[in-house]
K.L.:
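Before I ask anything, let me first share the structure, which is written out below as structure tokens.
Whatever order the structure lists ligands and atoms in, that order sets their numbers, starting from 1. What you see is a predicted model; the values in this text were computed from it and never measured.
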Amino acid sequence: MSGRPRRLVVVGAGIAGLTAAFEWRRRRPDDEIVVLEAGGRIGGKLDRVELGGRWYDTGPEAMLARVPEAVRLVERLGLAHELVRPATTQASVVLPDGRFPLPAGTVLGVPASAEGLDGVLSPAGVARVAAEVSLPPLRPDGDVAVGALLRERLGDEVVDRLVEPLLGGVYAGRADELSLAATMPQLAAHLPAAGSVLGAAAASRDAGARSRFDADAPVFVTLRDGIGSLPAALVAAARAAIRLHTPAHRLTRTASGFELSVGPAAVRETLTADAVIVTAPAPKAARLLGVVAPGAVAPLEGIPYASMAVVAMAFPAQEVAAGSGLLVPPVTGRLVKGVTVSSAKWPHLAGELLLVRSSVGRYRAEAELQRDDDDLAAAVVADVADLLQLSRPEPVDTRVVRWGGGLPQYLVGHRGRVAAVRAAVAEVPGLAVAGAAYEGVGVPACIRDAERAVEQLLS
Ligand SMILES: Cc1cc2nc3c(=O)[nH]c(=O)nc-3n(C[C@H](O)[C@H](O)[C@H](O)COP(=O)(O)OP(=O)(O)OC[C@H]3O[C@@H](n4cnc5c(N)ncnc54)[C@H](O)[C@@H]3O)c2cc1C
């Protein structure tokens, strides 16, 4: 891009879109930046409510610090003093036959050896894991489902009792459908050389430990006023024009750049742009890119989403022995898929109330969400009171936040779909895509993808 002032239009005011606006501003102080947002507020999946007198996240509540882009962004915004590390990260998994601390040293639940698995797996399940050494070396051939590979190599128990709860937490997805290459890229990369799942898990765990320059650095962080405080900070620093209730419908090329048809049906208008970064979720991006990058449409349409609801609850203060929380896989038949004990996990949330959040809804199990807020809250409170064995189970406050299309599903072949989208978009100078649909659903990964998009357009 040449040096004269330009207009960047960003589609979507989630963390990816707002990071793109901020990063562009850092590099091009004089450009005009417009962020189009279909909804009525900034932040996308980042949101917070006031619960028990504190800011409480109802979207993401923890950021992986090992992917450094989120902490770096917080520092660039002058908010490093707001970073909080967890007081405890010890979580347990709830299974039909009991509750077990999550074993240390796994890669998203995939063990590096049979050690430390007693209890969470049956003796036969542990023996099955140990027996991988006697299987023929693994010769990976293309992408596979996490579940298919692990069931064959380590047995069903590892999948149903360890991996499923963790993948369910991160993706709201199912091990038998999620892509190994996309959800566990390090492990997948180590498979050919290691020749076994246990060896690849050990190698990727050790590589992760080596890449952490500070061994005392926390694995996760949050922000004192909630991760939901980031969007406003980004908007202020980006000096961008934010246009709420302004969906982008159609993107076309002109001789010198782009034209976007935007706004509600009654008041459509046309906006011109020199560069466009699309951060809307995959189905919306597919519709928008149909004219300029038709090759991106089919792969984008191949990325489905899971819907979920988060119920935030404040109970009277009481002792609970659940560490930072519980993972609750489908084998339990429970409604909730996890419980985060926020007032134990995060020191700034400790106080007179027990603050807890719980999520409901998995890919292909959205029927659970077909009840009104009061019913859903009552059912979740009952489940949580039972799981945490609450002595005072009457909440003083509850909030229900629904996330329709909350998390993209990285199904088998996802990386191929992303490569096809990127290739189609790369043919259009001045156009980029970024966000959770592509190379990581976590907030740090979305930030990295947005920074990459800006770098690509400005280099
Ligand atoms: C309940 C829940 C809990 C999570 N927990 C964590 C966690 O603890 N840690 C973590 O790292 N990650 C977590 N995630 C994942 C993470 O929050 C998201 O993946 C990430 O915030 C997505 O950001 P994004 O900018 O890519 O997309 P979005 O936040 O979806 O933003 C896209 C924006 O585009 C707008 N839009 C759509 N179509 C158009 C259009 N045509 N024109 C204009 N605007 C449009 C949308 O309204 C939206 O605001 C969680 C997600 C959910 C749902």
K.L.:
Can you see whether Phe258 has Arg253 sitting over its ring - NZ or CZ less than 6.0 Å from the centre and within 45° of the normal?
P.N.:
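So Arg253 does make the cation-pi contact.
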
K.L.:
Testing the basics here: between Asp176 and Gly147, what is the closest heavy-atom pair and its distance to 0.1 Å?
P.N.:
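It is OD1-CA, 3.4 Å.
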
K.L.:
Can Ser342 and Tyr56 be counted as having a side-chain donor-acceptor contact under 3.5 angstrom?
P.N.:
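Result is yes, a qualifying pair exists.
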
K.L.:
Please report the interatomic distance CG(Leu349) to CZ(Arg224), rounded to the nearest 0.5 Å.
P.N.:
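Going from CG on Leu349 over to CZ on Arg224, the span is 10.0 Å.
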
K.L.:
Could you check whether Arg85 makes a cation-pi contact with Phe220, meaning its NZ or CZ is under 6.0 Å from the centre of the six-membered ring and within 45° of the ring axis?
P.N.:
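The answer is no; the distance or angle limit is not met.
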
K.L.:
I'd like a table of the close N/O pairs between ligand 1 and the protein (anything under 3.5 Å), one pair per line with both atom names and the distance.
P.N.:
from, atom 1, to, atom 2, distance (Å)
ligand 1, 8 (O), Glu61, N, 3.1
ligand 1, 8 (O), Ala62, N, 3.4
ligand 1, 8 (O), Ala62, O, 3.4
ligand 1, 9 (N), Ala62, O, 2.6
ligand 1, 11 (O), Val443, N, 2.7
ligand 1, 19 (O), Val441, O, 2.5
ligand 1, 25 (O), Ile15, N, 3.2
ligand 1, 25 (O), Ala16, N, 2.9
ligand 1, 26 (O), Ala436, N, 2.9
ligand 1, 29 (O), Lys45, N, 2.8
ligand 1, 30 (O), Lys45, NZ, 2.5
ligand 1, 41 (N), Ala248, O, 3.0
ligand 1, 42 (N), Ala248, N, 2.9
ligand 1, 44 (N), Ala38, N, 3.1
ligand 1, 47 (O), Glu37, OE2, 2.6
ligand 1, 49 (O), Glu37, OE1, 2.7
ligand 1, 49 (O), Glu37, OE2, 3.1

K.L.:
Does the side chain of Arg268 pick up a donor-acceptor pair with the side chain of His249 at under 3.5 Å?
P.N.:
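Yes.
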
